[in-house]
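Not measured: the values here are computed from a predicted model. In this chain, residues are counted from 1 in sequence order. The analysis underlying the following values was restricted to heavy atoms, covering all of them including side chains, and did not include hydrogens, waters or symmetry mates. Read the numbers this way: they start at 1 and go in the same order the structure lists the ligands and their atoms.
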Amino acid sequence: MTTVDLPLLPLGRGVDLGSERGVECPGDLPAASDPDLVARARAAKDALGSRVFVLGHHYQRDEVIEFADVTGDSFKLAREAADRPEAEFIVFCGVHFMAESADILTAPEQKVILPDLAAGCSMADMARLRQVEDAWQALEEAGVAQDVVPVTYMNSSADIKAFCGRNGGAVCTSSNAETALEWAFAQKPDAVGGGKVLFFPDQHLGRNTAVLKMGLSLDDCVVWDPHRPHGGLTVEQLRGARMILWKGHCSVHGRFSAEVVDELRATIPGVQILVHPECTHEVVLKADLVGSTEFIIQTIEAAPAGSSWAIGTELNLVKRLAAAHPDKQITFLDKSVCYCSTMNRIDLPHFVWAMESLVNGTVVNQIEVDAETEKWAKVALDRMLALPGKTHRD
Ligand code: 13P
Ligand code: SF4
C-alpha cells in the first residue's frame, strides 16, 4: 500500500540565513541543466578514490545523497568524520556547523570541504558568541554562574562550542540530549537546589528533553532572550531556574503545529505521529514518538507493513522514507512546512564543482576553524563523544 500525501513546494522556499553570508561560488559552477552532471560526479569520485570521503546528512537532496559514502544524523556524521583518518578530503554534504565539527574532529592535514559556503543554519545563527558571553556575565552577576553548566546543541558555531569547552560544558545532539543533560547536572552535585544548565541555541530541544526526559517541570525552565535587556529575566528567575533556555528555534521544525496533529489523527485511522525534538513542546506532547533523524529512520524501518505514520521533520527525509517504504502510509506532518533551504543549497552542481576542483588539485570551500577555537570546541565535543552509549530518544 502506498499513500504518500506530500505537498508540492518549490525548493528553496523558507528562511535562508546562509545566503546572508554573501558567499559566491568561485570558478565555474556547472549548469543545473547539464545532462552529464551525474556522470561527472561519478567520474570525479572514482578519480579521487580513497582520498575522499563523502558525508551526507539525512536532510540532503536525493541527487547528493546518491554520492554519500555514509549518511547519518549530525551525531553519527561527527563520529564518522573522526573515524576516517585515512581520508585526505572530507566532503561534507550538510550545513556549516557540521563541517566545522568535522574539521575539529579530524587531523590537521585532513581538509573538510562544504560544497556551498552559504549552507548555514538559521538556528545556529541565533546564538552569537558575544550574546552568550553577555548572558554568562549576567549569570555571574546574579551569583549563579558557578552552579551552571553550559550545553550547546551541535547546531551552533564552533566559537559557541569553544565557550562550552572553556566553561566546563559540552555539546549534545538530538540523539544524546538526555544523556548530555544527565551528565551536565551531575557536574554540580553540591549546588544548592541542584545544578543549572544554560542550553543553546534550541529552546525546544532543551525544554522537551528537560521536561519529558529529565522530570523537570515547565516552571523549572526560563527563556533567555538575547535581544532583551538582561535576557528579559529577573535575578530571582535566574536563581530559581534549573534550565535556562536560549531563545532560538529551527525555522523548519518550529512550524509544525499541534492543530495539524489533531487533524491527522481525526482523518487517518491509527496514524502514529513521529517527530524530531526540535518541534515545539505542544507538538512533541501530542506525538507518539520523538527522536533524531536517525531514530526516525530506524522507527520507520522497523514498522510493520500497513502501518500509518505522520512525520514531523525535514521534507527531503520524509519523501525519501515514503519512497523507500511503499508498504507503509507515510504522510508529511504539515502542508505549509517547507524544505530546509540551507540544507538544499548543496545541490549536484556545487557537489560536482567541489569534487572536480579536488581532482584538478584545487581545494575549494575548505572549512577551517582557528587553533584556539578548535582546542576548546574539541574539549566540548570530546565530552559529548565520551558520554555513555544511550544515544536515541524514544
Ligand atoms: P539531527 O541531529 O537529528 O541530525 O538533526 C540535525 C538538524 O539540523 C535538525 O534540524
Ligand atoms: Fe538548521 Fe533547522 Fe535546517 Fe536543521 S532543519 S539545518 S536546525 S534550519
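Considering only residues two or more places apart in sequence or on other chains, Phe185 meets the ring-ring contact (aromatic ring centres under 6.0 Å, His included) condition with none of them.
In the hydrophobic clustering of ILVMFWY residues, with side-chain heavy atoms under 4.5 Å counting as a link, Phe295 and Val318 come out together. Val352 and Val364 fall into different hydrophobic clusters, where Ile, Leu, Val, Met, Phe, Trp and Tyr side chains are chained together by heavy-atom contacts under 4.5 Å.
Considering all non-hydrogen atoms of both residues, Phe53 and Ala87 come closest at CB-CB, 3.8 Å.
With 3.5 Å as the limit, one finds a donor-acceptor pair spanning the side chains of Asp159 and Ser157. Using modelled atom types, one finds a donor on one side chain and an acceptor on the other under 3.5 Å when comparing Asp370 with Thr373.
When non-hydrogen atoms are compared, ligand 1 lies under 4.0 Å from the side chain of Glu278 (C-beta onward) but not from its backbone. Neither the backbone nor the side chain of Glu294 comes within contact range of ligand 1; no heavy atom lies under 4.0 Å. No part of Phe75 comes within 4.0 Å of ligand 1, judged by heavy-atom distances.
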Applying salt bridge (charged side-chain N to carboxylate O under 4.0 Å, His left out) to Arg84 and Asp69, what does each step give before you reach the verdict? CA-CA 11 Å; Arg84 303 287 156 183; Asp69 292 305; over 6 Å; no
Please determine whether salt bridge (charged side-chain N to carboxylate O under 4.0 Å, His left out) holds for the pair Glu66 and Arg42, giving the CA-CA distance in whole Å, both sets of side-chain angles, and the decisive distance to 0.1 Å. CA-CA 10 Å; Glu66 191 183 330; Arg42 204 164 285 142; 3.3 Å; yes
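For the side-chain contact (heavy atoms from CB on, under 4.5 Å) test with Ile346, the passing option among Asp116, Val95, Val91 is Asp116; the others fail. Test His281, Met123, His276, His249 against His204 for side-chain contact (heavy atoms from CB on, under 4.5 Å) and you get one pass: His249.
Remark: ligand 1 atoms within the under-4.0 Å shell around heavy atoms of Ser292 are 3 (O). Residue Asp73 has at least one heavy-atom neighbour below 4.0 Å for each of these atoms of ligand 1: 1 (P), 3 (O), 4 (O). Residue Thr293 has at least one heavy-atom neighbour below 4.0 Å for each of these atoms of ligand 1: 1 (P), 3 (O), 4 (O). Those atoms of ligand 1 with a heavy atom of Asn155 less than 4.0 angstrom away are 7 (C), 8 (O). For ligand 1, the atoms closer than 4.0 angstrom to any heavy atom of Ser74 are 1 (P), 2 (O), 4 (O). Within ligand 1, the atoms closer than 4.0 Å to a non-hydrogen atom of His253 are 10 (O), numbered from 1 in the order shown.
Ligand 1 lies nowhere less than 4.0 angstrom from a heavy atom belonging to Met154. Between His57 and ligand 1 there is a heavy-atom distance shorter than 4.0 Å.
Atom 1 (P) of ligand 1 has Ser174 OG, 3.4 Å as its closest protein atom, hydrogens excluded (heavy atom only). Looking at atom 5 (O) of ligand 1, its nearest protein heavy atom turns out to be His276 NE2, 3.3 Å.
Using a 4.0 Å cut-off between charged side-chain N and carboxylate O, Lys378 and Asp382 make a salt bridge.
Each protein N/O/S atom under 2.8 Å from atom 2 (Fe) of ligand 2 was counted, for a total of 1.
Under the 6.0 Å cut-off for aromatic ring centres, Phe97 and Phe92 do not qualify, their centroids lying 6.0 Å or more apart.
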